[in-house]
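Below is one structure, written out as structure tokens, with a few remarks after it.
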Amino acid sequence: AKAAGRNCLRFFDPEMQSVVTAHAQLEEELRQALDLEEFRLFYQPQVDDAGRLTGAEALVRWQHPQRGLVGPLEFIPLSEQTAIILPLGRWVLEAACKQLVAWAGVAGTAHLTVAVNVSARQFRERDFVAQVKAVLDKTGAKPQRLKLELTESILLDDVEDVITKMTQLRAHGVGFSLDDFGTGYSSLSYLRRLPLDQLKIDRSFVRDVLTNPHDAAIVRTIVGLGKNLDMKVIAEGVETEVQWRFLQELGCHAYQGYFFGRPVPISEFGRASDQRYAA
Ligand code: C2E
Ligand code: CA
Ligand code: CA
Ligand code: CA
């Protein structure tokens, strides 16, 4: 594959060349990182209207031996351009399901759900449904505790295929949330056909919701849409108590953000001193 890649570069452009080299190098490093088990999952709390902990979103990090903790924005986009996202995504799903099993065995945490980000490329795989079921079987995690977060970019794919896969997984008990909602390409007619449980309002609408009436109107609209389509609405990026109160007034059902807790390793989850949610 490397040789073929080189043959494609017909015209030598030093800048392009270095970008290509840097990408190829990162790709190779990511492959090694998977082998060496350098990826970690961090967990960020999700709460209900009363501020009670209902679960967590699993967010991947790369514990790099030299560079330290590397955030997903530095490697997920490239992983999605290459095929690395496929094994990486499977690793994330399995690690999150193992965490569900650990919670299931402890009094007081058995109800917690975990939300896992699924990239469009992963979801597009022909056997995606079978992959998810296999991980649930292998780990023994309850499908009802697993939520998959899809972005609107899946709507660029064959919508019939998307609906078929979602319907099959939902019949199995798995839930679906549409992530970063409002930033993408959703046509309302497609949205209506997707068997979603939840819309996740993008942080960009939450940030200035108190001061920008347009953002408040967007949140209100999404809440109304959710009501009509029988979907719950979760707000991400909630950083202050006043934001939380206002989002409650606007009719949201669930919340996530630094106000309730930052993403942390599981060893710190639920005991962070700055956690705000009710026990
Ligand atoms: P996302 O799914 O929208 O995840 C939320 C991001 O917002 C996280 O960044 C989180 O740390 C950050 N965040 C949460 N609450 C707040 C807040 O109150 N204020 C602010 N300023 N930020 C907040 P993170 O962990 O860097 O993840 C970035 C993106 O990387 C994620 O965005 C998601 O698109 C992607 N990602 C993370 N893990 C995975 C994964 O396992 N698979 C895939 N495909 N993508 C992932
Ligand atoms: Ca997400
Ligand atoms: Ca999001
Ligand atoms: Ca977002």
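Since this is a predicted model, take the numbers as computed values, not measurements. The analysis underlying the following values was restricted to heavy atoms, covering all of them including side chains, and did not include hydrogens, waters or symmetry mates. Whatever order the structure lists ligands and atoms in, that order sets their numbers, starting from 1.
- Within ligand 1, counting atoms from 1 as listed, the ones closer than 4.0 Å to a heavy atom of Gly257 are 15 (N), 18 (O).
- For the pair Lys147 and Phe176, the NZ or CZ position fails the cation-pi test of under 6.0 Å to the six-membered ring centre and within 45 degrees of the ring normal.
- The aromatic rings of Tyr43 and Phe269 stand perpendicular to each other, their planes meeting at an angle above 60°, with 30° marking the opposite boundary.
- Taking a 4.0 Å cut-off on heavy atoms, Lys200 fails to register as neighbouring ligand 1.
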Could you go step by step and tell me if Arg124 and Asp161 meet the salt bridge (Lys or Arg N to Asp or Glu O under 4.0 Å) rule? CA-CA 9 Å; Arg124 204 177 295 143; Asp161 180 59; over 6 Å; no
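- Leu69 forms part of a hydrophobic cluster together with Phe42, judged by ILVMFWY side-chain heavy-atom separations under 4.5 Å.
- Looking only at atom types and distance, the side chain of Gln44 has no donor-acceptor partner in the side chain of Glu57 under 3.5 Å away.
- At a heavy-atom cutoff of 4.0 Å, ligand 1 is contacted by no atom of Thr151, backbone or side chain.
- Within the 4.0 Å heavy-atom shell around ligand 1 one finds Gly237.
- Of the candidates Gly71, Pro72, Ser177, Pro72 brings a heavy atom nearest to atom 35 (C) of ligand 1.
- The side chain of Pro263, and not its backbone, has at least one atom closer than 4.0 Å to an atom of ligand 1 (non-hydrogen atoms only; side chain from C-beta on).
- For the Ca ion (ligand 2), the count of nearby protein N, O or S atoms, meaning those under 3.0 Å away, is 4.
- Only the side chain of Glu57 comes within 4.0 Å of ligand 1, counting heavy atoms alone; its backbone N, CA, C and O stay farther away.
- Here Leu73 has side-chain heavy atoms under 4.0 Å from ligand 1, and that is the only part of it that gets that close.
- Note on ring orientation: taking the six-membered ring where Trp is involved, the planes of Phe259 and Trp244 are tilted (angle from 30° to 60°).
- Annotation: the span from Leu30 atom CG to Ser79 atom OG amounts to 4.5 Å, rounded to 0.5 Å.
- The shortest N/O to N/O separation between Gln256 and ligand 1 does not fall below 3.5 Å.
- Proximity to Glu239 (heavy-atom distance under 4.0 Å) selects the following atoms of ligand 1: 17 (C), 18 (O), 19 (N), 20 (C), 21 (N).
- In terms of polar-atom proximity, Tyr258 is counted as a contact of ligand 1, with an N or O under 3.5 Å from an N or O of the ligand.
- Ion pairing of Arg170 with Asp197 is present here, as a side-chain N (NZ or NE/NH1/NH2) and a carboxylate O approach within less than 4.0 Å.
- Contacts between Val60 and ligand 1 below 4.0 angstrom, taking non-hydrogen atoms only, involve backbone and side chain alike.
- Heavy atoms from other residues, nucleotides or ligands lying under 6.0 Å from CZ of Arg67 number more than 12.
- In this comparison of Leu59, Ile76, Thr240, the heavy atom closest to atom 10 (C) of ligand 1 sits on Leu59.
- Geometric assessment of Arg193 against the ring of Tyr190 yields a negative cation-pi assignment under the 6.0 Å and 45° thresholds.
- Those atoms of ligand 1 that come under 4.0 Å of a heavy atom in Gln44, given as number and element, are 14 (C), 15 (N).
- In terms of polar-atom proximity, Glu149 is not counted as a contact of ligand 1, lacking any N or O under 3.5 Å from an N or O of the ligand.
- Residue Asp180 touches ligand 1 through its side chain alone, judged by heavy-atom distances below 4.0 Å.
- For Ile85, no nitrogen or oxygen atom sits less than 3.5 Å from a nitrogen or oxygen atom of ligand 1, counting backbone and side chain alike.
- Side-chain N/O atoms of His64 and Glu29 include a donor and acceptor closer than 3.5 Å.
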Apply salt bridge (Lys or Arg N to Asp or Glu O under 4.0 Å) to Arg31 and Glu27, showing your working. CA-CA 6 Å; Arg31 265 184 219 295; Glu27 188 180 344; 3.2 Å; yes
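- The contact set between ligand 1 and Ser119, taken as ligand atoms under 4.0 Å from a residue heavy atom, comprises 44 (N).
- Of the possible polar contacts, none joining the Lys200 side chain to the Leu150 backbone as a donor-acceptor pair under 3.5 Å is found.
- Under 3.5 Å, the side chains of Gln168 and Lys133 contain no donor-acceptor pair of N or O atoms.
- Using cut-offs of 30° and 60° for the angle between ring planes, the Phe260 and Tyr255 rings count as tilted.
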